[in-house]
Asks: 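This is the structure, below, for whatever I ask next.
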Amino acid sequence: MENFSEWFHDILDKGNIIDSRYPIKGMSVWLPYGFQIRRYTLELLKELFDRDHEEVLFPLLVPEDELAKEGIHVKGFEEEVYWVTKGGNKELNKKLALRPTSETAIYPMFSLWIRSHIDLPLKYYQIVNTFRYETKHTRPLIRVREISTFKEAHTAHATKEECKKQVEKAVELYKEFFDYLGIPYILSKRPEWDKFPGADYTMAFDTLLPDGKTLQIGTVHNLDQTFAKTFDITFENENGEHEYIYQSCYGLSDRIIASIIGIHGNEKGLVLPPVVSPKHVTIIPILFKDTREKVLERCESIKKELESAGIRVDIDDRDIRPGKKFYDWELKGTPLRLEIGPKDLENNKTFITRRDNLEKNEYPLDDNLIENIKEIISQITKDMSSKAFKDLKDAIVYCENIEKIPELIKNKKIVVFSWDGKNSSGEAIEEETGYDILGIHKELDENSNDKCIYSGEKAKYLALIAKTY
Ligand code: A5A
Ligand code: MG
């Protein structure tokens, strides 16, 4: 892929994913095919969340005084907030913010709801749109001003330990989600200067797009008691004493779809992970005048059979050449293509082509077809994931010399380096290299002899630096 950005915009259009010509910068329209991918992605995520979270829905508008309550938080977001100031022609007494995220909408209600230790833990999530007046260059799905698919979870706990555990559980939950999608990630603890405004610490997932830039695809924040103190969220413990709760929150955005498209796609178009592909199988009937009805009938019966096993199937019976159909479904990224013509019916066979590697093999049209297809689908999921993870792993390199970092990053690498953990060194490293520290990847052993790449003093961490979106 020569020019990723061009390819990406092109595929959003040709793939019927979104139309970014909507006349507000940073806001786009979901088109039917993109909307279906979005829908299956959400279904997958909900399935994971619904195991031990409950879904809720809060209003879009946040009153100014609530938004302003948490000082650090509001400072982090104030330049990005859209305001509603009028109702019709009347100035509102109190300005209303379009939520940039929902802490300040949700936590005043937590303060009303949470009374006793039996109300805890509480784990809510919502899937909503949020608005951020981003000043960096906007890009469809990647940096938008209306995040149209914001998935945010907010949890409340009685103890600090339990809250910390929840952060770990959320990290595991996101890993599972990314694994289903074959999206490779690298996890790090964001540096102090890049953590979520108001958080004690932030764990972040980054992936790597084909242009060599990393994309933050999800974050899990430990809020500790900061918001509980601001919004006066307390509970009565078992001894009848009042204590502040501990909180975590975590979020994902439209960047998930951007990653699915950007990481797996190729020159021929989309390559969709089966779990979110609108169809798993496209049947292409090879049609001739005399045998047309017979072939279509058989295609229908195969479709029904596969559908009864939960496989999503489409028959492309358009009156165009099969070659054109192959081209279209490759563009759309459907995992499998079945060709069925009169000869195949005679021989009871079909050619199955995998979209991910374009391998084509003959299979019998018999009772094993469902099992065979299921197996190929699960193999595709595995292969897509291992290919993507390999690409990411290959891009990660260790470097001991700060002067070599820019060259490595220009060659699409993510660089691991030893760091003393001091803010001053970290900021100097960013300054000197011109790139962003993603965060702490690993803590070094007490006995390690590693020296900080900047200060030359004993290093505490292995950290990551890269070109970021
Ligand atoms: N309430 C917490 C969870 C929160 O808002 N965290 S966050 O600010 O880090 O956002 C969650 C995720 O949304 C980020 O990790 C990032 O992947 C994504 N995101 C943030 N701003 C975005 C934007 N303008 N466009 C697309 N995705 C964005
Ligand atoms: Mg920075």
Side-chain angles (χ1 to χ4, degrees), residues 26 49 53-87 91-115 119-135 144-157 163 166-167 170 190 194-204 216 218-235 243-254:
F49 266 124
H53 294 66
E54 292 171 286
E55 188 172 7
V56 294
L57 181 59
F58 276 75
L60 163 65
L61 299 175
V62 186
E64 182 179 23
D65 47 347
E66 296 295 352
L67 186 81
K69 256 184 198 158
E70 197 349 85
I72 306 170
H73 182 71
V74 72
K75 211 165 175 318
F77 279 105
E78 68 188 349
E79 309 234 316
E80 294 184 8
V81 177
Y82 282 92
W83 290 102
V84 175
T85 59
K86 278 183 165 185
E91 286 290 334
L92 298 176
N93 297 334
K94 205 189 265 185
K95 285 201 291 181
L96 303 172
L98 300 190
R99 60 181 161 222
T101 167
S102 306
E103 285 72 14
T104 57
I106 295 176
Y107 301 165
M109 300 306 289
F110 273 14
S111 154
L112 300 175
W113 296 335
I114 297 169
R115 287 274 156 264
D119 300 326
L120 299 172
L122 182 145
K123 301 181 193 180
Y124 284 167
Y125 76 96
Q126 65 172 2
I127 299 173
V128 294
N129 52 352
T130 57
F131 294 82
R132 296 183 182 183
Y133 186 76
E134 294 279 358
T135 45
V144 292
R145 286 182 170 175
E146 179 184 15
I147 306 178
S148 59
T149 324
F150 196 64
K151 307 101 172 161
E152 53 179 324
H154 296 266
T155 72
H157 308 270
C163 185
Q166 186 59 36
V167 168
R190 284 284 184 261
D194 203 22
K195 64 186 189 183
F196 183 68
D200 189 33
Y201 63 89
T202 290
M203 301 303 297
Q216 174 181 304
T219 32
V220 182
H221 315 290
N222 190 333
L223 305 177
D224 204 72
Q225 290 183 314
T226 301
F227 286 86
K229 287 178 180 164
T230 304
F231 289 96
D232 196 28
I233 318 173
T234 59
F235 70 101
E243 281 188 67
Y244 288 114
I245 59 160
Y246 294 84
Q247 293 175 278
S248 84
C249 69
Y250 27 104
L252 306 169
S253 76
D254 307 30

Asks: Whether the side chain of Thr155 engages the backbone of Gln247 through a donor-acceptor N/O pair (distance < 3.5 Å, no angle test) should be reported.
Replies: no
Asks: As an exercise, state the distance from CZ of Phe131 to CG of Leu98, rounded to the nearest 0.5 Å.
Replies: 5.5 Å
Asks: Rounded to the nearest 0.5 Å, what separates atom OG1 in Thr104 from atom CG in Leu67?
Replies: 4.5 Å
Asks: Grab the two heavy atoms, one from Ala156 and one from Ile114, that are nearest each other, plus how far apart they are.
Replies: CB-CD1, 3.8 Å
Asks: Partners of Tyr133 by side chain to side chain contact (heavy atoms under 4.5 Å, CB included), sequence neighbours excluded?
Replies: Tyr82, Thr135, Arg145
Asks: How long is the gap from OG on Ser102 to CG on Leu57, to the nearest 0.5 Å?
Replies: 9.5 Å
Asks: Take Leu223 and Tyr107, measure what side chain to side chain contact (heavy atoms under 4.5 Å, CB included) needs, and give me the verdict at the end.
Replies: CA-CA 12 Å; Leu223 305 177; Tyr107 301 165; 3.4 Å; yes
Asks: What heavy-atom pair brings Ile72 and Gly198 nearest, and what distance separates the two atoms?
Replies: CG2-N, 3.7 Å
Asks: Determine the minimum heavy-atom distance between Ser148 and Asn129, stating which atoms define it.
Replies: CA-CB, 4.0 Å
Asks: Check step by step if side chain to side chain contact (heavy atoms under 4.5 Å, CB included) holds for Leu120 and Phe235.
Replies: CA-CA 9 Å; Leu120 299 172; Phe235 70 101; 3.6 Å; yes
Asks: Return yes if some donor-acceptor pair links the side-chain N/O of Lys195 with the main-chain N/O of Asp200 below 3.5 Å, else return no.
Replies: yes
Asks: Under the ring pair (Phe, Tyr, Trp, His ring centres under 6.0 Å) rule, what do Phe196 and Phe77 come out as? Steps first, then yes or no, please.
Replies: CA-CA 10 Å; Phe196 183 68; Phe77 279 105; 5.8 Å; yes
Asks: Quick one: list whatever passes side chain to side chain contact (heavy atoms under 4.5 Å, CB included) with Val56, sequence neighbours left out.
Replies: Phe58, Tyr124, Gln126
Asks: Before giving the answer on side chain to side chain contact (heavy atoms under 4.5 Å, CB included), spell out for Val62 and Leu96 the whole-Å C-alpha distance, their side-chain angles and the decisive distance to 0.1 Å.
Replies: CA-CA 5 Å; Val62 186; Leu96 303 172; over 6 Å; no
Asks: Would you please classify the geometry between the Tyr125 ring and the Phe49 ring as parallel, tilted or perpendicular, with 30° and 60° separating the classes?
Replies: parallel
Asks: If you compare all heavy atoms of Arg132 against all heavy atoms of Pro100, which two are closest, and at what distance to 0.1 Å?
Replies: NE-O, 2.7 Å
Asks: Tell me, do Val84 and Leu61 make a side-chain contact under 4.5 Å, heavy atoms counted?
Replies: yes
Asks: So, does Arg190 use its side chain to make a donor-acceptor pair with the main chain of Thr219 at under 3.5 Å?
Replies: no
Asks: Verify, without hydrogens or angle tests, whether Lys151 (side chain) and Ser253 (backbone) share a donor-acceptor contact under 3.5 angstrom.
Replies: yes
Asks: Would you check, one step at a time, whether the test side chain to side chain contact (heavy atoms under 4.5 Å, CB included) holds for Glu103 with Phe231?
Replies: CA-CA 10 Å; Glu103 285 72 14; Phe231 289 96; 5.9 Å; no
Asks: If you take the centroid of each ring, where Trp contributes its six-membered ring, are His154 and Phe110 closer together than 6.0 Å?
Replies: no
Asks: Does Glu80, at its CD atom, have more than 12 non-hydrogen atoms belonging to other residues, nucleotides or ligands within less than 6.0 Å?
Replies: yes
Asks: Could you pull out all residues at least two apart from Lys229 that satisfy side chain to side chain contact (heavy atoms under 4.5 Å, CB included)?
Replies: Gln225, Tyr244
Asks: Is a donor on one side and an acceptor on the other found under 3.5 Å between the side chain of Thr230 and the backbone of Thr226?
Replies: yes
Asks: Using atom types as modelled and distance alone, determine if a side-chain donor or acceptor of His73 lies under 3.5 Å from a backbone N or O of Pro197.
Replies: yes
Asks: What is the distance from atom CZ of Arg99 to atom CG of Leu60, rounded to the nearest 0.5 Å?
Replies: 4.5 Å
Asks: Counting only heavy atoms not in Glu79, do more than 12 fall under 6.0 Å of its CD?
Replies: no
Asks: For Phe227 versus Ile233, what's the shortest heavy-atom pair and its separation?
Replies: O-CD1, 4.3 Å
Asks: For the residue pair Ser248 and Val167, what are the closest heavy atoms and their distance?
Replies: CB-CG2, 4.1 Å
Asks: Measure from the side-chain N and O atoms of Gln166 to the backbone N and O of His157, and report whether any donor-acceptor pair falls under 3.5 Å.
Replies: no
Asks: Looking at SG of Cys163 and CG of Asn222, how far apart are the two atoms once the value is rounded to the nearest 0.5 Å?
Replies: 4.0 Å
Asks: Roughly how far, to the nearest 0.5 Å, is NE2 of His53 from CG of Leu122?
Replies: 10.0 Å
Asks: Is a side-chain N or O of Asp254 found less than 3.5 angstrom from the main chain of Thr149, in a donor-acceptor match?
Replies: yes
Asks: Is a donor on one side and an acceptor on the other found under 3.5 Å between the side chain of Glu243 and the backbone of Ile245?
Replies: no
